[in-house]
Structure formats: structure tokens, C-alpha cells
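All values below come from the heavy atoms of this structure, side chains included, with hydrogens, waters and symmetry mates left out.
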Amino acid sequence: MRTIGIIAEYNPFHSGHRHHLDSLRQAFPDCALVCAMSGNFVQRGDAALADKWTRTRLALLGGADLILELPTPWAISSAEAFARGGVALLDATGVVDTLSFGSEAGELPPLEAAATALDSPPWREALGGYLAQGLPFPAARQKAAADCLGQGADCLSTPNNSLGVEYIRALGALGSSIRPHTIPRLGAAHDGTEEHGVHRSASQLRQALLAGSDASLSPFLTHQSEELLRKNPASLSFCTRAVLARLRGMTEEEFAKLPDCGEGLSGLLCRAAQQATYLDALYSLVKSKRYTHARIRRLVLWAFLGLTAADRPETPPYLRVLGFSPKGQALLRQMKDRATLPILVKPAHITRLSPEAQQLFQKEARCTGFYGLCQRELGAISQESEYRAGPVILP
């Protein structure tokens with residue numbers, strides 16, 4: 001039986017995600033699907049719309065078999081660290097043989113060529129030159145790739161292709177035997193706003209749910225999904241004052257300990273936090289041609305959560321099980337013999353971890369406590385939820 005890994009946020013799980021899983025089951029009958037899913041915070045620098053246990057339930061109902069948590073320090077990182085964390089988790093299971101992802105290219109050769117180029121000395125040399133000119137990293141990355149690949153670098157100009165390239169690079173860097181597999185992305189573009197097409201983007205669906213619109217989101221969400229997602233959505237904007245209070249109490253030296261906060265960013269963030277009265281104003285005060293909006297949002301989130309670059313080891317130190325189906329339960333039995341990291345199925349298993357891994361779990365619990373402040377109605381999620389909640393089990 002083929003076991004296919006997927007790295008996802010499912011924020012929220014929608015028709016495009018279901019299409020991906022259905023396509024895999026059609027191409028590989030009887031396969032098992034293992035997802036490395038972001039926890040309560042996501043890469044765009046925000047709280048996930050719904051907590052990780054709710055999103056796990058919806059992913060299992062949508063066809064996934066086993067959900068593992070991508071810990072927060074990787075889930076809220078740039079594409080390279082996000083990909084490395086997710087690939088490392090799937091590789092450590094010892095059962096995943098294929099990594100599948102959607103891409104605009106819909107085929108592997110151009111993505112593999114770009115991955116090879118981005119790991120070459122000529123690309124690194126060209127990148128350094130463009131960064132020295134003051135270009136933001138995404139633009140410098142693209143120009144350096146064009147120097148090496150010519151028109152072949154065009155695939156890096158779209159978000160899902162770029163992330164797919166990082167997955168391929170991570171597989172190579174970790175020496176993984178997992179093979180990549182891609183399918184064409186259909187429907188609205190990542191963070192797109194177009195209303196036509198077979199699927200809506202997760203961004204469109206989040207906006208509608210956060211706005212409290214009564215309009216049905218079918219067929220992009222199931223009725224059960226809508227019902228669960230509308231109950232108590234979360235957003236970093238719901239606790240703006242708490243975020244600003246945290247940032248206003250930080251020194252420039254503390255900002256400098258955040259990941260990717262060099263090039264003068266620590267000073268800009270420190271000064272902007274004293275001036276801004278809402279989050280979008282904070283992002284705008286810091287954003288420039290050199291510093292992207294996404295980078296600023298992530299740094300603000302890292303600061304709010306009290307995390308630093310030192311809190312993110314090279315790869316995650318444990319496999320946290322968020323939920324499973326009967327087929328996923330069978331995979332867990334295989335993983336007991338094959339996994340190269342300790343497996344946490346119940347909170348009580350925390351005591352089996354190394355001291356360093358226990359510290360990371362404690363920080364994850366603290367992040368979950370902060371997540372409770374991001375929900376529209378307080379009280380549903382707290383730090384103690386990490387120590388009480390078991391995995392979601394699908395009958």
C-alpha cells in the first residue's frame with residue numbers, strides 16, 4: 001500500500017483540498033494519506049481560522065487518514081523552514097513513501113530543475129549580489145534563478161510552485177527516500193479573490209466566515225464544515241491590544257532575536273510598535289520594497305508568541321498525533337517500529353520526550369493559550385487544552 005504525505009494548513013479545509021485527496025485515491029487506490037498540518041497558527045502570520053482539533057476533524061472527514069501537527073516554530077516560518085519542518089515530520093514516520101502537493105505547473109520537471117538551481121553555488125553567488133543591492137529576498141531569489149535557468153525560473157513566480165520547489169529541496173537536504181508527486185492546482189489562485197472557477201481560495205472563505213456573512217459557502221465547504229467554522233472563528237486582529245502591548249514592551253535587542261529580523265528590521269519594528277494603534281497600521285509602517293508584508297506579519301506573530309529563532313531547531317523533535325481514521329490507526333501501529341522520532345498520541349506521552357523536546361511542547365502549550373485570546377469568544381481554548389485534549393478519532 002502506498003502511503004502519501006501532504007503538508008498543509010487546511011485553513012480551512014475546502015473543496016480544493018478534497019479534490020487533491022480524491023485525485024490521490026483515484027490515482028493510487030487503497031493508498032493511505034498522512035498530513036503534516038499546521039497547529040493553531042499559520043504561515044501568513046495569523047491565527048488559524050479554527051483550532052487545530054476542529055481542522056483535524058474536518059480533514060479526516062474530507063478523506064485524510066492520519067494528521068500530525070507541524071509545531072508552531074515551523075508552521076509560522078518562511079517557505080524554506082516551513083517545508084523543511086513538514087518534510088522532516090513525514091520522513092520521520094518511516095511509513096510515508098510519497099509527498100504530494102498542488103502546483104501551478106502541474107508537473108515535476110520544471111520544479112525539480114528550479115530546486116537543483118537553488119542549491120547550486122552560482123545561484124547563491126547571484127543571490128548574494130542582488131541582496132547586496134537592497135532587493136527584497138523574493139525578488140533577489142527570482143533574479144538569481146533567472147540568471148541560472150533563464151525562462152525556466154518563471155515557475156518560481158507563483159506561490160504553489162515556489163513551495164513545491166522548497167519541498168523538493170528539503171527532500172534532498174534531508175536525504176529522504178520520499179518521492180515528490182504534484183497535481184495541477186485548480187480554481188482561485190492562492191489568496192485570490194476571483195469568483196469564478198470550480199474552487200474558491202482559502203483566503204476568500206476566511207474573509208466570508210470572519211465577516212459573519214449568512215450567504216452559504218456551498219459547494220466550497222460542506223454544511224458540517226460551515227457549521228463548525230462559524231462557531232467561534234479566530235484572528236490575530238481580535239486581540240490587537242494584546243499584540244501591541246507585547247510588542248511595545250520589547251526592546252530592539254529582543255526584536256533582533258526573531259528569525260529573519262536582520263537588515264535593520266528590529267529597529268523599524270520597535271519604533272513602529274510604539275506608533276501603531278492597529279495591526280494593519282503596524283504592518284504598513286514597516287513594509288517597504290525591501291521587506292515584504294508576509295515577512296512583517298510573521299515577525300509580529302513571533303514577537304506576540306514570545307518565540308525566538310533559538311526556539312526553532314533544524315527539525316521537529318517529536319510526532320504529535322492530532323487525529324486518525326481506522327486506516328490511520330493501522331499506520332500508527334506500523335510507526336511504532338519504523339518511526340525515528342517519539343510519537344505523542346496522548347498528552348501523558350510527553351514524559352517520554354527529551355528535556356529539549358519537552359520544552360518545545362511547553363512552548364506549544366503557551367502558544368495555544370495565546371490562541372484562545374484570538375478567538376472571537378474567549379474561554380474555549382486555553383494552555384491547559386494541550387494537556388487535556390486527546391486525538392480526534394474517526395470511527
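Remark: Arg295 is not positioned above the aromatic ring of Trp302, lacking an NZ or CZ atom under 6.0 angstrom from the ring centre and at most 45 degrees off the axis.
The ring pair (Phe, Tyr, Trp, His ring centres under 6.0 Å) contacts involving residues 319-345 comprise nothing, where partners must be two or more places apart or lie in separate chains. For the side-chain hydrogen bond (donor to acceptor under 3.5 Å, both in side chains) condition, the pairs that include at least one residue of residues 94-103, sequence neighbours left out, are Arg2-Thr98, His20-Ser100, Ser100-His181, Ser103-Thr182.
The side-chain hydrogen bond (donor to acceptor under 3.5 Å, both in side chains) test applied to Arg290 returns no partner, not counting sequence neighbours. A search for side-chain contact (heavy atoms from CB on, under 4.5 Å) contacts involving Cys261 returns Leu258, Leu265, Ser266, Leu269, Leu299, not counting sequence neighbours. Taking the side-chain hydrogen bond (donor to acceptor under 3.5 Å, both in side chains) definition, one finds that Arg312 meets it with Ser77, sequence neighbours left out. Under the ring-ring contact (aromatic ring centres under 6.0 Å, His included) criterion, Phe361 pairs with Tyr387, not counting sequence neighbours. For Phe255, there are no ring-ring contact (aromatic ring centres under 6.0 Å, His included) partners, not counting sequence neighbours. For Asp65, the side-chain hydrogen bond (donor to acceptor under 3.5 Å, both in side chains) criterion is met by Arg25, Ser325, not counting sequence neighbours. Applying the ring-ring contact (aromatic ring centres under 6.0 Å, His included) rule to Phe82 yields no partners; only residues at least two apart in sequence or on another chain are considered.
Sparse packing is recorded around NZ of Lys143, with 12 or fewer heavy atoms of other residues, nucleotides or ligands lying under 6.0 Å away. Summarising the local packing, CD of Glu226 is surrounded by more than 12 heavy atoms from other residues, nucleotides or ligands at distances under 6.0 Å. Within 6.0 Å of atom CD in Gln151, 12 or fewer heavy atoms from other residues, nucleotides or ligands are found, so the atom counts as exposed in its surroundings. Crowding of Arg57 atom CZ: a count of heavy atoms from other residues, nucleotides or ligands under 6.0 Å not exceeding 12. More than 12 heavy atoms of other residues, nucleotides or ligands lie within 6.0 Å of NZ in Lys363, so this atom counts as buried by the packing criterion. Applying the 6.0 Å contact sphere to CD of Glu125 captures no more than 12 heavy atoms from other residues, nucleotides or ligands.
A heavy-atom distance below 4.5 Å is not found between the side chains of Phe101 and Ile7. Arg44 is listed as a side-chain neighbour of Arg206, based on a closest heavy-atom distance under 4.5 Å.
With respect to the salt-bridge test (charged N to carboxylate O, under 4.0 angstrom), the residues Lys257 and Glu254 do not qualify. Using a cut-off of 4.0 Å between Lys/Arg side-chain N and Asp/Glu carboxylate O, Glu386 and Lys52 are scored as salt-bridged. Using a 4.0 Å cut-off between a side-chain N of Lys or Arg and a carboxylate O of Asp or Glu, Glu377 and Arg230 do not qualify as a salt bridge.
Cluster note: Leu285 groups with no other residue, as no ILVMFWY side-chain heavy atom lies under 4.5 Å from it. In the hydrophobic clustering, Tyr130 connects to Leu135, either directly or through intervening members, whenever side-chain heavy atoms lie under 4.5 Å apart.
Under the 30°/60° scheme for interplanar angles, the aromatic rings of Phe13 and His17 are found to be tilted. Ring orientation note: the planes of Phe304 and Phe370 are tilted relative to one another, at an angle of 30° to 60°.
Leu156 contributes atom CG, which lies 11.5 Å from atom CG of Leu163 (distance to the nearest 0.5 angstrom). If you take OH on Tyr318 and CD on Glu69, they are separated by 6.5 Å, rounding to the nearest 0.5 Å. Put simply, CD on Glu107 and CD1 on Ile183 are 14.0 Å apart, with the number rounded to the nearest 0.5 Å. The OG1 atom of Thr3 lies 9.0 Å from the CG atom of Leu33; values are rounded to the nearest 0.5 Å. Atom CZ of Arg366 and atom OG1 of Thr72 lie 10.5 Å apart (nearest 0.5 Å).
Looking at Ser225 and Thr222, their side chains do bring a donor and an acceptor atom within 3.5 Å of each other. Counting only N and O atoms by type, the side chains of Asp154 and Ser157 include no donor and acceptor under 3.5 Å apart. Residues Gln26 and Ser23 have side chains that never bring a donor and an acceptor to within less than 3.5 angstrom of each other.
Ring centroids of Phe220 and His14 are separated by 6.0 Å or more, keeping the two rings apart.
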Identify every side-chain donor-acceptor pair in residues 329-336 under 3.5 Å, counting partners at least two apart or on other chains, and give the distances.
none

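Panel note: side chain Asp46, backbone Ser235; no donor-acceptor pair is recorded below 3.5 Å.
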